[in-house]
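Here the structure is laid out as structure tokens; the discussion comes afterwards.
Computed over heavy atoms, backbone and side chain alike; hydrogens, waters and symmetry mates excluded.
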Amino acid sequence: VSAARLRVQEGDVLHPSGGGIPPQPANIPAAMFRPALLSSLKTYTKQTFLADLFAGLTVGVVAIPLAMAFAIACGLSPTQGLITAIVAGFLISLFSGSKYQIGGPTGAFVIIIMGVLEQYHASGLLVCTLMAGLFLIILGFCRMGALIRFIPFPVTTGFTSGIAVVIFSTQIKDIFGLTITEKIPGDFIEKWACYFNYFHTINWAALALAVGTVAITLLSRRFWPRVPAMLVGMLGMTAVSVAFSLPVTTIGQAFGSLPNTLPLPSLPHIEWHNLGALTAPAFTIALLAAIESLLSASVADGMTGGRHKPNMELIAQGIGNIGSALFGGIPATGAIARTATNIKAGAKSPVSGMIHAVTLLAILMAFAQYAQQIPLAVLAGILTVVCYNMSEMHTFSRLLKGPRQDAAVLVITFLLTVFVDLVVAVEVGVVLAALLFMGRMAQISDVSAIKNELLDNDEEDDEDRSTAKLSIPEGVEVFDVKGPFFFGAVEQFKDQVLETLEHDTKVVILRMRLVPALDATGLNVLSDFCHQCREHGSTLLVCGVQPQPLDVIRHAPFYRELKRYNICENIDAALNRARKIINGPAPKHL
């Protein structure tokens, strides 16, 4: 991970630019599913605890404005954001596969939470969060952690930038202090039309507080990087609002008094007829939580030189989301910015993340009554900074200048996120990227006939690799197959091989030394080709088969059709076998 990409700001970013997930060593299952806390406690000392204590207190203070702001952006009480950061944050650190992961609410979930609330209300959201937690645990136990890295870069960039735009659009009312008497539409275009209709009700005091919050946050970050900039902005502009008794809407006026204790855990009310409809958004929440948490753990690895356990991390995220749902919270995941802050503050183990959650609980118990005086415009200013960080405008513009197909996937994912739905955007983006990848793999696949050409030795362990002329007997056709032999590339094989068989051909050799992968469609084409060769009175030989294609062939009926002695080690062995077939009947045993 480059040093530049590790200068993570205090807005949460759902982005893989911190680098891919490091490959995991071959662990036994027991070690693979062991929380990082257990290994940390083996060498835990007083000095380690003091370092974790300072880091936990620091990141706990940083998390306060973000936890409240994300909940309010979803249309929920700030209390639910704090509950999520406390409960899910504690459980994620307790079971995490990373020593430094900090969990809590993030911007990635805002628009999907808003969609679930609009259709299924608060009870549906709790069930959705509970289901997402179960999905994450299943993904972890199925060892899917390492596969999340295959989500294409343009897709994650597209929906992350789209999320930033949508979140910012939800804050316009509070930024400008608009007095809107009707329900704000959920559709992006209709929402902005509603804003323009009520723009004459602008509250200049609210706008001044929002702009002041952004300015103080950016200046604090620039000149005092060790100070929690967003907390400074929130406290500073709240003090201005209270001192001058500004006529702006506060948390207390919008949501009432905030409780100073955690609620008792309870199972959410399940409406069974909605369970099927909640599966899609629940899986999307699980997918987003998996992506962001593993990216966060990867960034932490890059900053510390450590190594996280991706499958245990997914299980920890699942447990955290289940705990959040039981206490009435919202979806949670690993937060990249807060995790980076935790490391920079000197964290040594997951204990710092647990202390961060306890710190939030102590602040909630001691200062809940004062939090009611925070203006909504101030929290809207904080979210404006978060949205700017999430947008990754430089990365977006750079991808637009890249390959046109990738740029198309980026733009389509972005537009679908903004104008349609995040679930649709992720599904379409992944499908488009997969189709694009298969098209590129098909382009590099090639089948060509060779005739007495210079031969590269097939033996991989031959360092000298001498070249020699092929001596191909009459009646033998040799085809060199290159690239993955899968359903996206078989048409080329059909065009160039199946239709070019001559009636006087006695032996056909497929040289597959450059075929790294074979799927069921490719295997079926080979089987059809074998039958076609028999109809022409020809014998099919394959040579130089790599391990994966060879394993596929050996476990299929095609292996018996081809006969094992027609699978040759290299081209020389295949040509010798062809000469024996031409000169006389094939031996029954070799």
*Taking all non-hydrogen atoms of both residues, which atom of Leu314 and which atom of Ala290 are closest, and how far apart?*
CD2-CB, 3.5 Å

*Do the non-hydrogen side-chain atoms of Ile163 and Met390 ever get within less than 4.5 Å of each other?*
yes

*Just by distance, do the side chain of Gln101 and the backbone of Ser293 share a donor-acceptor pair under 3.5 Å?*
yes

*asked:* Less than 4.5 Å apart, side chain to side chain, heavy atoms only: is that true for Val515 and Val545?
replied: no

_Backbone of Lys99 reached by a side-chain donor or acceptor of Ser349 within 3.5 Å_ = no

*Can you check whether Leu76 reaches Ile113 side chain to side chain, under 4.5 Å on heavy atoms?*
yes

*Check whether any side-chain N or O of Ser527 sits under 3.5 Å from a backbone N or O of Leu523 as a donor-acceptor pair, and report yes or no.*
no

*Which atoms form the tightest heavy-atom contact between Phe135 and Ala286, and what is the distance?*
CB-CB, 3.8 Å

_Looking at Glu292, is its backbone amide N or carbonyl O close enough to the side chain of Ser296 to form a donor-acceptor pair, meaning the two atoms are under 3.5 Å apart?_
no

*With a 4.5 Å heavy-atom cut-off, do Leu399 and Phe153 have their side chains touching?*
yes

*Is the count of non-hydrogen atoms from other residues, nucleotides or ligands lying under 6.0 Å from His394 atom NE2 greater than 12?*
no

*Between the main-chain N or O of Val166 and the side-chain N or O of Ser169, is there a donor-acceptor pair closer than 3.5 Å?*
yes

*Go through Phe396 and Ser391 one step at a time and tell me if the side-chain contact (heavy atoms from CB on, under 4.5 Å) criterion holds.*
CA-CA 8 Å; Phe396 195 95; Ser391 67; over 6 Å; no

*Is there a side-chain contact between Arg143 and Phe33, using heavy atoms and a 4.5 Å cut-off?*
yes

*Above 12 or not: heavy atoms from other molecules or residues under 6.0 Å from OH of Tyr388?*
no

*Between CG on residue Leu278 and OH on residue Tyr120, distance to nearest 0.5 Å*: 5.5 Å

_Atom pair CE/CG of Met354 and Asp52 - distance to nearest 0.5 Å_ = 10.0 Å

_Ignoring hydrogens, what is the shortest heavy-atom contact between Leu126 and Pro268? Give both atom names and the distance._
CB-CB, 3.6 Å

*Which atom names give the shortest non-hydrogen contact between Ser98 and Ala297, and what distance separates them?*
CB-CB, 4.2 Å

*Quick one: closest heavy-atom pair of Gly353 and Ser93, and the distance?*
CA-OG, 3.2 Å

_Nearest-0.5 Å distance, CD1 of residue Ile83 to CD of residue Gln80_ = 6.5 Å

*Are Thr84 and Phe70 close enough, and set up right, to give a side-chain contact (heavy atoms from CB on, under 4.5 Å), and what steps lead you there?*
CA-CA 11 Å; Thr84 304; Phe70 286 133; over 6 Å; no

*asked:* With a 3.5 Å distance limit and no angle check, can you tell me whether Asp301 reaches the backbone of His308 through a side-chain donor-acceptor pair?
replied: yes

*How far does OG1 of Thr106 sit from CG of Leu288, to the nearest 0.5 angstrom?*
8.0 Å

*How far apart are the closest heavy atoms of Ile319 and Leu91, and which atoms are they?*
O-CD1, 3.8 Å

*Kindly check if the number of other-residue, nucleotide or ligand heavy atoms within 6.0 Å of CG (Leu38) is above 12?*
yes

*asked:* Quick check: do Met131 and Leu275 have side-chain heavy atoms less than 4.5 Å from each other?
replied: yes

*Check: Ala425 main-chain N/O paired with Thr417 side-chain donor or acceptor under 3.5 Å*: no

*Mind running side-chain contact (heavy atoms from CB on, under 4.5 Å) on Ile92 and Glu313 for me, showing each step along the way?*
CA-CA 8 Å; Ile92 288 173; Glu313 184 59 40; 4.3 Å; yes

_Option from Ile167, Leu125, Thr170 for which side-chain contact (heavy atoms from CB on, under 4.5 Å) with Met114 holds_ = Thr170

_Candidate pair Val525 and Phe485, rule side-chain contact (heavy atoms from CB on, under 4.5 Å), full reasoning_ = CA-CA 10 Å; Val525 170; Phe485 199 68; 4.3 Å; yes

*Between the side chain of Asn311 and the main-chain N/O of Phe141, is any donor-acceptor distance below 3.5 Å?*
no

*Taking Thr333 for the side chain and Ala289 for the main chain, is one N or O donor matched with an acceptor at less than 3.5 Å?*
yes

*asked:* So, taking the atom named OG1 in Thr284 and the one named CD1 in Ile112, what distance separates them when rounded to the nearest 0.5 Å?
replied: 4.5 Å

*Any Ile382 side-chain heavy atom under 4.5 Å of Met68 side chain*: no

_Please check if the number of heavy atoms outside Tyr559 that lie under 6.0 Å from its OH is greater than 12._
yes

*Would a distance-only check, ignoring hydrogens and angles, find a side-chain to backbone donor-acceptor pair under 3.5 Å from Asn321 to Thr129?*
no

*asked:* As an exercise, state the distance from CG of Leu514 to CD of Gln546, rounded to the nearest 0.5 Å.
replied: 7.0 Å

*With a 4.5 Å limit on heavy-atom distance, are the side chains of Leu526 and Leu518 in contact?*
yes

